[in-house]
Engineer: 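Below: one structure in structure tokens.
This one's a predicted model, so the numbers in the text were calculated from it and none came from an experiment.
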Amino acid sequence: MTAPTGQPNPTGPLSWPSDLQDSTPLPFNVWRVMHQVNGQRDAMEVARLARVSLPEVLDAVTQAGRWSGRAAQREQPVTEQALKEIQQCLMVVVGPMGEFMVDDALEDLGEDSVTLSQLLGHLATQLGESRVQAFVRQLRARGIA
């Protein structure tokens, strides 16, 4: 479940990345291009139908791969390594209390296999808006979100 490397082939038919689903959230500019990708149209035809340039089509397909990879990552059960990284991110934002916030969140969720999305969502509800933004920046810097 990794994002595609390099650019898609502009001369052959374009296909969706293997882990992209209809339910994967995409930015509008990516969605409007991917809506035209059907495994039969080449990049020029997709560009014409989506009313964008060829480079925009190629970029949208690459971005769709990244978005689908992130979505798949968020639905995986949280690993011990991810828990440590999340605690470290929280500690940067809220101080030493961050370590306990993760433990409390896991207890509140009460599930054996909590997904990354569930855990991060629960933690975000406990932070103010400015701290959520700082937390997300920390997560992104570590490749978690």
Engineer: Heavy-atom distance under 4.5 Å between the side chains of Thr115 and Gln118, does that happen here?
Structural biologist: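 Answer yes - side chains close enough.
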Engineer: Is it true that Met91 and Val94 fall in one hydrophobic cluster, defined by side-chain heavy atoms closer than 4.5 Å?
Structural biologist: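 In one cluster with Met91: Val94, no.
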Engineer: Please determine, by modelled atom types, if Ser130 and Gln133 share a side-chain donor-acceptor pair under 3.5 angstrom.
Structural biologist: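 Short answer, no.
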Engineer: Considering only residues two or more places apart or on different chains, which pairs with a residue in residues 83-106 satisfy side-chain hydrogen bond (donor to acceptor under 3.5 Å, both in side chains)?
Structural biologist: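 Pairs touching residues 83-106 that pass the test: Gln81-Glu85, Glu85-Arg142, Gln88-Arg142.
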Engineer: Tell me every residue that passes side chain to side chain donor-acceptor pair (under 3.5 Å) with Glu45, counting only those two or more places apart in sequence or in another chain.
Structural biologist: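 Once residues adjacent in sequence are excluded, the partners of Glu45 under the side chain to side chain donor-acceptor pair (under 3.5 Å) criterion are Arg48.
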Engineer: Does one hydrophobic cluster hold both Met97 and Leu90, with members joined at side-chain heavy-atom distances below 4.5 Å?
Structural biologist: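 Result: yes, single cluster for both.
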Engineer: Do you know which two heavy atoms are closest between Gly39 and Ser15, and how far apart they sit?
Structural biologist: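 Closest approach of Gly39 to Ser15, heavy atoms only: CA-OG, 3.8 Å.
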Engineer: Looking only at heavy atoms, which two atoms of Ala64 and Pro17 are closest? And how far apart?
Structural biologist: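 Residues Ala64 and Pro17, closest heavy atoms: C-CG, 4.0 Å.
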Engineer: Please report the shortest heavy-atom distance between Ala43 and Leu58, naming the atom on each side.
Structural biologist: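 In this case the closest contact between Ala43 and Leu58 is CB-CD2, 4.1 Å.
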Engineer: Checking side-chain contact (heavy atoms from CB on, under 4.5 Å) for the pair Leu14/Arg41: CA distance, chi angles, key distance, verdict?
Structural biologist: CA-CA 6 Å; Leu14 293 179; Arg41 297 180 183 127; over 6 Å; no
Engineer: Count I, L, V, M, F, W, Y as connected when their side-chain heavy atoms are under 4.5 Å apart, and connections chain through other members. Are Leu109 and Leu127 then in the same cluster?
Structural biologist: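 Same hydrophobic cluster.
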Engineer: Anything under 3.5 Å between a donor and an acceptor, one on a side chain of residues 26-37, the other on a protein residue two or more places apart or in another chain? List them.
Structural biologist:
none

Engineer: Using the test side chain to side chain contact (heavy atoms under 4.5 Å, CB included), find all partners of Thr125 that sit at least two apart in sequence or belong to another chain.
Structural biologist: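 Here no residue qualifies.
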Engineer: List in chain and number order the residues that pass side chain to side chain contact (heavy atoms under 4.5 Å, CB included) with Val92, two or more places apart in sequence or in another chain; answer none if no residue qualifies.
Structural biologist: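 Applying side chain to side chain contact (heavy atoms under 4.5 Å, CB included) to Val92 gives Gln138.
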Engineer: Are the side chains of Ile86 and Phe135 in touch, meaning some heavy atoms are under 4.5 Å apart?
Structural biologist: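 With C-beta onward as the side chain, the pair touches.
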Engineer: Could you tell me whether the side chain of Gln126 and the main chain of Leu123 form a donor-acceptor pair under 3.5 Å?
Structural biologist: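 Side chain of Gln126 to backbone of Leu123: no pair is present.
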Engineer: Below 4.5 Å, heavy atoms only, C-beta onward: do Leu83 and Thr79 meet side chain to side chain?
Structural biologist: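 Answer no - side chains too far apart.
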Engineer: Any side-chain heavy-atom pair from Cys89 and Leu139 closer than 4.5 angstrom?
Structural biologist: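 A side-chain contact under 4.5 Å exists here.
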Engineer: In Å, rounded to the nearest 0.5 Å, how long is the span from NE2 of His122 to OG of Ser117?
Structural biologist: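 Spacing of NE2 (His122) from OG (Ser117) equals 13.0 Å.
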Engineer: Side chains of Leu106 and Leu119: does their closest heavy-atom pair fall under 4.5 Å?
Structural biologist: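 In contact.
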Engineer: For residues 113-130, which residue pairs qualify under salt bridge (Lys or Arg N to Asp or Glu O under 4.0 Å), counting only residues two or more places apart or in two chains?
Structural biologist: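 Salt bridge (Lys or Arg N to Asp or Glu O under 4.0 Å) check on residues 113-130 returns no pairs.
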